[in-house]
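Residue numbers begin at 1 in each chain, while the letters A, B, ... track the order of the sequences.
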Amino acid sequence: MTVALETRNLVKRFGGLVATDDVSIAFQKGVRYALIGPNGAGKTTLINLLTGVLRPTGGAVILEGADITGMAPHRRVQNGLARTFQINQLFPEMTPLQTVGLAVSERQGHGREWWRLAGGKREVIDEAAAILERFGLTDVMGAETKVLPYGKQRLLEIAVAIACRPRVLLLDEPAAGVPEEERHEILDIVGGLPDDVTILLIEHDMDLVFSFAQRIAVLVNGGLFMEGAAKDIAADPRVREVYLGEGGHG
Amino acid sequence: MVTILFDGIAYGMLLFILACGLSVTLGLMNFVNLAHGAFALAGGYITATLMNRAGFSFFLCLPIAFLFSALIGVALERTLYRHLYDRSHLDQVLFTIGIVFMTVSAVDYTMGSGQQMINIPTVLRGRIDLLGGSIGVYRLFIIVICGLLTLLLQLALVRTRFGSRLRAAVDDPRVARGLGVNVNLVFAVTFAIGSGLAGLGGALGAEVLGMDPTFPVKFMIYFLIVVTVGGASSITGAFFASLLLGIADVAGKYYVPKAGAFIIYAIMVLVLIWRPQGLFVKGATR
Amino acid sequence: QETVKIGVILPMTGPSASTGKQAEAAAKLWIQQNGATVAGKKVELIIKDDTGAPDVTKRLAQELVVNDKVNVLLGFGLTPLALAVAPIATQAKIPQIVTAAATAIITEQSPFIVRTSFTLPQATVPMAQWSAKNGIKKVVTLVSDYGPGIDAEKAFKDEFTKGGGEVVAELRVPLRNPDFAPFLQRVKDASPDAVFVFVPSGFGSAFMKQFAERGLTQAGIKLIATGDVTDDDVLNELGDSALGVVNTHHYSASHDSPENKAFVEAFKKANNFRPNFMAVGAYDGMQLVYKALEKTKGNADGQALLDAMKGMSWTSVRGPVQIDPETRDIIQNIYVRKVEKVGGELFNQEFATIEKVKDPVKAAKKQ
Amino acid sequence: MAELLGLDHVAAGYGLATVLNDISLSLADGRSLALLGRNGAGKTTLVNTIVGVTTMKGGAIRLGGRDITRLRPEQRAHAGIGWVPQERNIFKSLTVEENMTAVARPGPWTVARVYDMFPRLRERRRNMGNQLSGGEQQMLAVGRALVLNPRLILLDEPTEGLAPIIVDELLGALKRIIWDEGVSAIIVEQNAQKILSVTDDAVILDRGLVVYAGPSAALAADRDALETHFGVAGRAGGRGAA
Amino acid sequence: MTDIAAAAAVPQISPAADARLMLAAAARWRWWEFAVWIAALAAIVVFPRNLLLLNEIAILALFALSLDLILGFAGIVSLGHAAFFGVGAYAAGLLGKFGYGDPFLGLAAAAAVAAVLGFATSFLLLRGSDLTRLMVTLGIALMLLELANREAWLTGGADGLQGVTIGPVLGLFDFDLSGRTAYLYSLGVLFVLFLLARRIIHSPFGLSLRAVKQNPLRARAIGISVAVRLVAIYTLSAAFAGVAGALSAQTTQYVSLEVFDFIRSADVMLVLVLGGVGYLYGGIFGALIFKLMQDYLSAITPQYWQFWIGLVLVILVLAGRERIGAQLTRLFAPLLRWRRA
Ligand SMILES: Nc1ncnc2c1ncn2[C@@H]1O[C@H](COP(=O)(O)OP(=O)(O)OP(=O)(O)O)[C@@H](O)[C@H]1O
Ligand SMILES: Nc1ncnc2c1ncn2[C@@H]1O[C@H](COP(=O)(O)OP(=O)(O)OP(=O)(O)O)[C@@H](O)[C@H]1O
Ligand SMILES: [Mg+2]
Ligand SMILES: [Mg+2]
């Protein structure tokens with residue numbers, strides 16, 4: 001197996017607080033991971049470090065063997081690292097079609113073309129339409145994003161990330177605010193991505209975590225607490241103590 | 001040397017007193033009030049009118065100028081401004097420029113286009129020697145008032161519960177209301193303070209800067225410079241920015257007269273490149 | 001009955017609004033006093049506000065020429081405004097009467113420009129002469145940093161050094177400058193006998209106040225100036241700090257002549273302020289048009305009017321004046337005045353007269 | 001027991017749309033109510049209507065026997081309503097501590113007590129509102145409502161985004177607050193099972209109408225009702241505004 | 001299924017075909033757009049007395065259009081756009097003064113100089129809030145103003161640039177006093193640049209700008225280099241503004257320091273906001289409304305017209321610009337329906 005994404009001694013400090021504490025972890029290609037941990041453990045911060053939204057105080061991020069620690073966020077996306085946000089980050093006045101279409105056309109390298117009308121390239125449109133269909137967004141693809149119901153927006157958030165055709169996909173609580181019965185649908189679509197895509201999921205809903213993840217990493221107080229196969233983690237008493245609590249799963 | 005320093009400080013303080021009201025409305029309330037100078041104008045004109053026509057003493061006029069402008073501020077806030085808090089900054093710009101245009105014309109129409117003259121009391125005239133330099137008494141007076149004001153404002157608007165309530169109301173008025181903050185009152189009071197300060201600034205500044213109907217337009221840029229360089233949300237920021245700009249401007253004009261007019265803009269641009277949020281803004285954001 | 005149209009373009013809003021106000025009032029007063037008919041022609045004023053922006057001035061002039069077919073253009077509050085219109089006067093071949101702007105070069109920009117105001121060197125040179133003769137040896141000049149200011153600085157220095165004086169420092173204050181303090185401090189540090197000042201009339205008050213506040217008078221530094229600083233329009237507001245300032249200019253509201261007394265009285269009656277030199281420029285501008293029309297017997301052709309204007313002389317409220325047939329500038333008396341209090345009001349009291357002064361710049365060029 | 005909150009034929013909505021049609025409810029002093037329903041059923045709208053931040057289109061609201069229909073939101077807060085908004089809405093330019101002190105009112109709940117409940121917040125007390133993790137914001141939103149020392153606390157999906165262990169802790173604390181201190185509570189939840197053990201009563205909303213009202217225990221035991229309102233059966237109808 | 005789906009009233013063929021239609025629809029010319037340009041051209045015969053004013057309107061419209069490119073489509077606020085207008089004006093003016101009076105040469109030079117300045121200063125705008133950007137742009141414009149004031153040997157300083165002579169357009173049409181050539185020339189340039197702008201905003205590049213404006217965080221997260229895009233559009237906008245300045249210099253054959261003035265930057269912002277930000281025609285309509293209003297009011301009351309402009313602004317904002325827009329649309333709705341039928 002090859003390593004898709006790796007961190008080496010990653011550190012992030014906010015003033016006195018060590019939000020990421022010497023984290024060294026390797027994500028294998030094609031494996032579905034979950035990242036769990038108490039509130040404020042540094043999960044979102046870790047994703048922000050991986051994607052370049054935040055600059056690490058120390059350590060390195062390695063994507064498919066290349067050091068990307070200092071790389072600009074958009075370059076990382078071009079190199080196959082995409083994400084969703086804990087709170088939706090969409091373009092409120094653009095339609096899902098435009099949003100996904102834009103992501104596809106940027107990936108295909110048409111982003112700087114100012115002389116051509118948007119929507120002229122067949123391969124862009126076809127791919128965007130296919131993605132929208134997969135997420136059941138076809139019937140709302142012409143409506144402004146801001147008027148969509150929350151659930152649809154959440155789907156779009158993930159659709160955009162997938163339109164970047166990532167080889168590593170980072171999902172920050174994708175099911176937050178989505179009703180019970182739709183949560184599994186979302187993760188089913190994500191799970192249906194090609195086998196060589198590495199996925200890292202942050203989630204507090206343990207049903208989802210255990211049904212989705214093959215391996216789980218636990219973060220506590222910024223540091224990597226443990227990492228292992230899903231069922232080992234579920235059974236671990238220490239994880240129960242710091243995170244799962246009495247009503248925990250397993 | 002010392003004299004130049006004093007002059008710079010005094011000039012800075014004058015900028016501060018005129019701009020600090022704006023750093024209240026713009027910085028704390030996040031309202032782009034380009035009509036700030038209009039309230040200063042009100043303060044300056046009421047002072048000139050009362051002194052010249054009714055023989056009021058200058059010292060009495062200062063609090064009156066504050067109250068008068070504050071009252072106008074509240075009246076406008078309750079009737080007009082409050083509809084604009086949740087509008088875009090562009091709307092606010094458009095609206096307040098409209099107010100400026102109206103004020104300039106209306107004052108010109110009613111009071112004439114000439115300069116309003118204020119004769120400050122004799123105790124404030126003249127110069128005294130201090131630390132080997134000589135400084136105008138009036139400028140010293142301004143420095144003292146501004147120093148006090150800064151302390152007062154910092155305590156009242158930033159450190160207190162009123163201050164946190166104000167910022168809460170600005171961040172999210174709907175939720176602040178739902179949690180028991182009387183947003184209308186908080187805004188009205190703050191706006192009154194902001195306009196009152198402008199009025200006081202107008203009254204104090206008329207002597208040095210002159211006061212005519214175009215005052216709000218002429219000095220708008222300076223207010224904005226002070227507020228941005230200082231960092232919009234902090235009174236002390238505006239204070240130190242005023243000092244910096246005042247000293248640099250006066251010293252620059254004294255030592256390198258040729259570059260004189262550039263200095264204030266150059267400093268602003270450099271500061272903003274170095275610290276886009278202004279000099280004194282606390283807490284980095286994510 | 002044919003009408004003769006006069007297009008009046010003035011800054012009525014913006015920083016130079018007071019110029020426009022004075023000039024408009026004077027032009028209207030002239031019509032009111034002398035009737036709207038001259039040499040059998042009806043005279044019509046079309047007044048426009050150019051807000052002090054040259055491109056607007058230019059467009060307004062063009063529209064007045066093309067659409068309204070005006071016979072004369074009149075007004076122009078500032079040098080750039082007058083200059084912007086010069087090519088149009090040339091192209092349309094109609095007189096452009098400049099009643100306010102005062103930089104020397106203006107009349108050279110078009111053969112159709114006639115000036116009824118003054119040129120800054122014209123007001124400055126007598127000041128330099130007077131100073132040199134009255135015990136002033138060392139002078140610092142302090143002027144606004146733009147065309148007229150630089151004109152004044154140069155005119156003063158040339159004349160003053162010629163008279164044996166020394167200019168120890170030349171300071172130029174940016175036009176958009178709210179604080180004179182650092183410049184005055186330099187003046188003080190140089191400790192000259194006097195400081196010669198030119199700032200546009202709106203800035204005079206701020207300057208005077210700071211001059212007094214800085215204690216320059218106590219330090220024995222005299223203030224000498226052109227009359228722009230002690231402009232009649234704002235003089236009263238300057239307060240006692242202006243008392244004793246010596247200055248040279250072509251018009252004072254207190255000029256002692258029957259014509260002026262009548263003029264000031266009528267002006268004050270029609271408006272609630274007293275006239276200044278801007279008003280007189282416009283008043284004489286109107287007078288010049290009327291006189292020219294009389295001379296051409298109502299022929300309002302541009303060239304004819306211009307020819308009639310050249311060399312025209314009359315008794316203005318400021319004293320005897322004549323349009324220099326060669327330069328089309330005005331030849332007039334310059335008075336040395338001192339600010340004094342008369343009946344509770346401040347006035348520039350004239351105490352010496354230099355007669356028939358031509359614009360020194362053009363006079364020098366000819367030699 | 002005396003009635004604390006009463007709703008009579010309340011209608012409310014946004015702009016021209018009516019979201020709540022005709023809601024009547026009564027909540028006794030010291031009792032708690034679970035407010036359930038699918039996405040878009042109108043739970044948040046109902047909570048916000050009680051708080052006073054949505055436009056009411058009809059009906060009346062009483063608090064402790066007093067008609068508060070015409071009171072402004074801040075007056076209702078002073079009358080004893082505490083609120084945890086669904087989107088948390090932490091004041092971003094206030095520190096954690098200021099978020100609470102700005103709105104605090106005297107009573108048994110103090111900032112220190114909130115810190116004891118959520119030690120994480122004490123560590124983060126000087127952080128600005130926008131420098132908190134999602135879960136920390138949720139804790140702060142709950143703490144901020146508590147220091148208002150309300151008689152009635154409205155919690156809109158308070159467990160969203162919290163770690164399982166904190167959820168347990170929060171629900172335990174809520175139980176204690178309701179039982180020991182006599183505070184009344186309305187708790188909105190998507191997951192019925194999670195909440196029914198905490199509350200006395202339960203109400204299910206659907207398309208702006210009350211479709212079920214009864215004791216929590218009864219609902220928890222009523223598989224049919226749960227199936228109708230939350231199960232597969234409920235999904236076929238699709239979701240939509242009223 | 002939902003009513004939102006119903007809004008997208010395109011017959012269901014295949015999602016991809018639908019999508020293509022939908023995207024193409026956005027860039028299609030509407031009938032009223034033709035009407036606007038035809039009216040602009042017709043104005044020459046309808047209002048022969050007002051060609052100078054119309055010329056100013058066309059120039060202001062172009063200037064506002066250039067601001068719209070950054071403000072409306074990329075979300076960069078600026079209170080110093082006059083910097084580019086100014087350097088464009090001086091570039092064209094100086095060329096004219098030193099004997100290179102060909103109009104198109106002047107335009108090209110102005111565009112180039114302004115673009116260089118725009119490119120150089122764009123890097124200062126990549127960080128910071130709206131307020132910071134406002135003040136940095138303002139500061140740059142004011143520094144240029146001071147520079148132009150000081151270097152009077154080149155610029156003529158406060159007296160303005162004298163002796164600008166501009167040759168005939170295409171070597172054929174002289175600038176006349178009535179302003180006919182001037183208006184046609186400016187209108188033509190405006191139209192061409194408008195077409196270019198219209199093309200750009202409907203291109204993938206234009207779409208990415210809107211994305212950057214609405215959510216830079218997400219824009220980065222789909223691989224867009226926010227900085228590069230902003231620099232590009234800012235440079236382009238500067239070039240447009242430079243051309244507007246050149247038009248002004250050429251048609252008035254005069255340049256003065258006012259081209260850099262704060263008031264000019266503020267006015268153009270006002271004009272754009274008045275007409276509506278972010279739909280290209282905002283600048284044109286805004287310029288039309290503003291200039292007509294100004295001309296009309298200042299003819300009635302030369303001294304106090306600003307009061308009425310102020311009042312109009314205040315009322316406009318209080319009544320809600322969008323709401324007025326909606327009312328107008330409603331007013332014209334029958335017309336639209338009639339056309340569809
Ligand atoms: N800009 C910042 N400045 C200071 N502290 C910060 C900042 N951003 C985050 N933190 C702190 O860093 C810690 C980690 O935050 P992070 O958002 O990564 O947590 P998380 O694991 O995602 O938690 P949750 O599950 O609640 O979302 C938190 O304690 C938070 O308060
Ligand atoms: N600000 C708003 N403007 C217009 N309609 C709104 C607004 N907020 C909510 N709605 C509509 O009102 C209906 C009820 O929404 P509400 O938020 O009350 O539901 P909810 O039960 O709280 O759902 P959720 O479980 O998603 O929080 C929905 O159809 C929603 O689309
Ligand atoms: Mg998180
Ligand atoms: Mg809800």
Side-chain angles (χ1 to χ4, degrees), chain C residues 8-15 17-18 20-21 24 46-68 78-88 91-92 101 103-106 108-109 144-151 172 174-177 200, chain E residues 47-57 59-60 89 142 145-146 149-150 152 156-165 174-180 182 245 248-249 251-259 261-264 267 291 294-295 297-307 309:
Chain C
V8 182
I9 309 178
L10 291 163
M12 313 286 290
T13 53
S18 78
K21 222 174 188 177
E24 184 196 12
I46 306 175
I47 300 174
K48 301 274 183 184
D49 170 25
D50 63 11
T51 73
D55 47 344
V56 181
T57 319
K58 175 147 189 182
R59 174 183 41 100
L60 292 174
Q62 239 167 309
E63 280 180 356
L64 286 170
V65 168
V66 175
N67 296 341
D68 299 305
L78 300 167
T79 302
L81 309 182
L83 292 178
V85 174
I88 294 174
Q91 213 171 336
T103 310
I105 54 164
I106 291 178
E108 294 167 359
Q109 301 301 312
S144 282
D145 191 3
Y146 74 129
I150 294 160
D151 265 9
R172 292 182 186 174
L175 251 193
R176 290 151 227 265
N177 179 60
Chain E
F47 304 105
R49 289 166 53 89
N50 302 87
L51 295 174
L52 289 163
L53 183 65
L54 285 170
N55 177 48
E56 272 184 23
I57 292 176
I59 294 172
L60 184 58
L142 290 178
L145 172 65
E146 293 301 338
N149 186 26
R150 233 187 50 185
D159 296 337
L161 189 65
Q162 305 297 323
V164 177
T165 31
D174 256 317
F175 288 106
D176 52 339
L177 263 189
S178 75
R180 194 188 165 86
S248 160
T251 55
T252 61
Q253 316 215 343
Y254 180 79
V255 188
S256 72
L257 289 180
E258 270 79 7
V259 290
D261 206 349
F262 161 68
I263 301 292
R264 188 176 295 272
D267 271 354
K291 277 280 176 191
Q294 183 180 353
D295 193 59
L297 289 173
S298 66
I300 304 177
T301 153
Q303 227 181 97
Y304 304 111
W305 60 270
Q306 280 198 331
F307 182 86
I309 294 238

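Asp295(E) has its side chain within reach of Arg59(C): a pair of non-hydrogen atoms, C-beta onward, lies under 4.5 Å apart. Using a 4.5 Å cut-off on side-chain heavy atoms (C-beta onward), Gln162(E) and Tyr254(E) make contact. For the pair Asp176(E)/Gln62(C), no side-chain contact is recorded, criterion being any heavy-atom separation below 4.5 Å from C-beta on. Counting heavy atoms from C-beta outward, Ile57(E) and Leu53(E) have side chains that approach closer than 4.5 Å.
Among Met12(C), Arg172(C), Glu24(C), the residue with the largest count of heavy-atom pairs under 4.5 Å with chain E is Met12(C). Annotation: maximal heavy-atom pairing with chain E below 4.5 Å, among Pro148(C), Pro80(C), Pro87(C), Ala86(C), occurs at Pro80(C).
The contact between Ala84(C) and chain E is made by backbone and side chain atoms together, counting heavy-atom distances below 4.5 Å. Neither the backbone nor the side chain of Asn55(E) comes within less than 4.5 Å of any heavy atom of chain C. Looking at Gln253(E), the atoms closer than 4.5 Å to chain C (heavy atoms on both sides) sit in the backbone and in the side chain alike. Of the atoms belonging to Ser178(E), heavy atoms from both backbone and side chain fall under 4.5 Å from chain C. For Leu161(E), no part lies near chain C; criterion is any non-hydrogen pair under 4.5 Å.
Of the listed residues (Thr57(C), Thr51(C), Leu60(C)), just one forms a side-chain contact (heavy atoms from CB on, under 4.5 Å) with Leu81(C), and that residue is Thr57(C).
Salt bridge annotation for Arg264(E)-Asp55(C): present, with a cationic side-chain nitrogen under 4.0 angstrom from a carboxylate oxygen.
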